[in-house]
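These notes are about the structure you will find just below.
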Amino acid sequence: ILGNEIGKTMLYSVILPTYNERENLPIIFYLLNQTFTEHDLNYQVVIVEDNSPDGTVEVAEALQKSFKKDRIKILRRKGKLGLGSAYLDGLKQADGDRIIIMDADLSHHPK
């Protein structure tokens, strides 16, 4: 549906679980923003943060301040609770008509 009228009115939610992704998070967000913008699609990113000791949440908050508040949601969890539960918790926070699950470690390219 990329690039047609239905795709433009639809909201895509990308769920990004993070743990020690301070360096990767700006890169993956840049690539996501570039891809969705290139196709004129509406999107949000749900960052599920597992209390990373490297300051990932601060990077997420900085990104959130740089973009529209509703573009990035941050779900802070109390510990490293695992990838599966991160996706489930992210699904509960997602507003999208379509859900995309990705890893923040750049193993999934946004295109």
Side-chain angles (χ1 to χ4, degrees):
I1 300 180
L2 293 179
N4 68 21
E5 291 305 312
I6 295 172
K8 291 179 184 178
T9 60
M10 190 174 298
L11 177 65
Y12 294 84
S13 292
V14 179
I15 300 172
L16 274 183
T18 59
Y19 186 77
N20 288 340
E21 298 294 349
R22 177 183 183 88
E23 293 181 17
N24 291 334
L25 191 56
I27 298 167
I28 193 71
F29 187 80
Y30 169 80
L31 292 170
L32 285 167
N33 183 62
Q34 184 179 41
T35 300
F36 281 110
T37 301
E38 182 179 299
H39 294 285
D40 197 25
L41 298 172
N42 191 22
Y43 75 98
Q44 74 172 170
V45 176
V46 179
I47 297 170
V48 184
E49 208 327 269
D50 269 4
N51 200 27
S52 299
D54 74 341
T56 298
V57 75
E58 288 84 3
V59 172
E61 289 168 347
L63 287 168
Q64 189 180 50
K65 287 178 186 172
S66 297
F67 290 85
K68 294 189 305 185
K69 184 83 171 168
D70 60 344
R71 179 73 71 209
I72 299 175
K73 283 187 170 185
I74 302 169
L75 173 60
R76 296 174 90 163
R77 301 196 316 165
K78 294 184 188 254
K80 190 173 180 185
L81 303 175
L83 189 60
S85 67
Y87 285 131
L88 291 174
D89 288 346
L91 282 169
K92 294 173 191 171
Q93 299 295 316
D95 299 318
D97 303 297
R98 298 287 186 266
I99 307 294
I100 300 165
I101 58 174
M102 295 182 69
D103 290 342
D105 65 0
L106 304 172
S107 62
H108 301 140
H109 196 283
K111 286 189 178 191

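Quick note: residue numbers are just sequence positions, from 1.
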Residues in side-chain contact (heavy atoms from CB on, under 4.5 Å) contact with Glu23, at least two apart in sequence or another chain: none
Of Val48, Asn24, Val45, which meets side chain to side chain contact (heavy atoms under 4.5 Å, CB included) against Leu16? Val45
Where is the tightest heavy-atom contact between Gly90 and Ile15, given as atom of each residue plus distance? C-CD1, 3.5 Å
Nearest atoms (heavy-atom pairs only) where Ala86 meets Pro17: CB-CB, 3.7 Å
Once you round to the nearest 0.5 Å, how far does OG of Ser52 lie from CD of Glu58? 9.5 Å
Flag, side chain of Asp105 to backbone of Ser107, donor-acceptor distance under 3.5 Å: yes
Exercise: identify the closest heavy-atom pair between Thr18 and Glu49: OG1-OE2, 2.9 Å
Residues which pass salt bridge (charged side-chain N to carboxylate O under 4.0 Å, His left out) with Asp95, listed by chain and number, not counting sequence neighbours: Lys73
If Ile, Leu, Val, Met, Phe, Trp and Tyr residues are connected whenever their side-chain heavy atoms lie under 4.5 Å apart, and connections chain through other members, are Ile74 and Val46 in the same group? no
Would Val14 and Ile99 show up in the same hydrophobic cluster when neighbours are defined by side-chain heavy atoms closer than 4.5 Å? no
So do Met102 and Leu32 actually touch side chain to side chain, heavy atoms under 4.5 Å? yes
Looking only at heavy atoms, which two atoms of Glu21 and Thr56 are closest? And how far apart? N-OG1, 2.9 Å
Please list, chain by chain and in numerical order, all residues satisfying salt bridge (charged side-chain N to carboxylate O under 4.0 Å, His left out) with Lys92, sequence neighbours excluded. Asp89
What are the two closest non-hydrogen atoms of Ser13 and Gln44, and how far apart are they? OG-OE1, 2.6 Å
Under the ring-ring contact (aromatic ring centres under 6.0 Å, His included) test, which residues partner Tyr43, sequence neighbours left out? Phe36
Any side-chain heavy atom of Thr9 within less than 4.5 Å of one from Asn42? no
Under the salt bridge (charged side-chain N to carboxylate O under 4.0 Å, His left out) test, residues paired with Arg76 that sit two or more places apart: Glu61
Check the hydrophobic clustering (I, L, V, M, F, W, Y; side-chain heavy atoms under 4.5 Å; chains of links allowed) and say if Ile47 and Leu31 are grouped together. yes
Would Tyr87 and Leu25 show up in the same hydrophobic cluster when neighbours are defined by side-chain heavy atoms closer than 4.5 Å? no
Provide the closest heavy-atom pair for Thr37 versus Asn33 in the form atom of the first, atom of the second, distance. OG1-O, 2.7 Å
Same hydrophobic cluster for Leu88 and Tyr19, using side-chain heavy-atom links shorter than 4.5 Å among ILVMFWY? no
With Ser85, which residues qualify under side-chain contact (heavy atoms from CB on, under 4.5 Å), at least two apart? Arg77, Leu81
Assess whether atom CZ of Phe67 is packed by more than 12 heavy atoms of other residues, nucleotides or ligands within 6.0 Å. yes
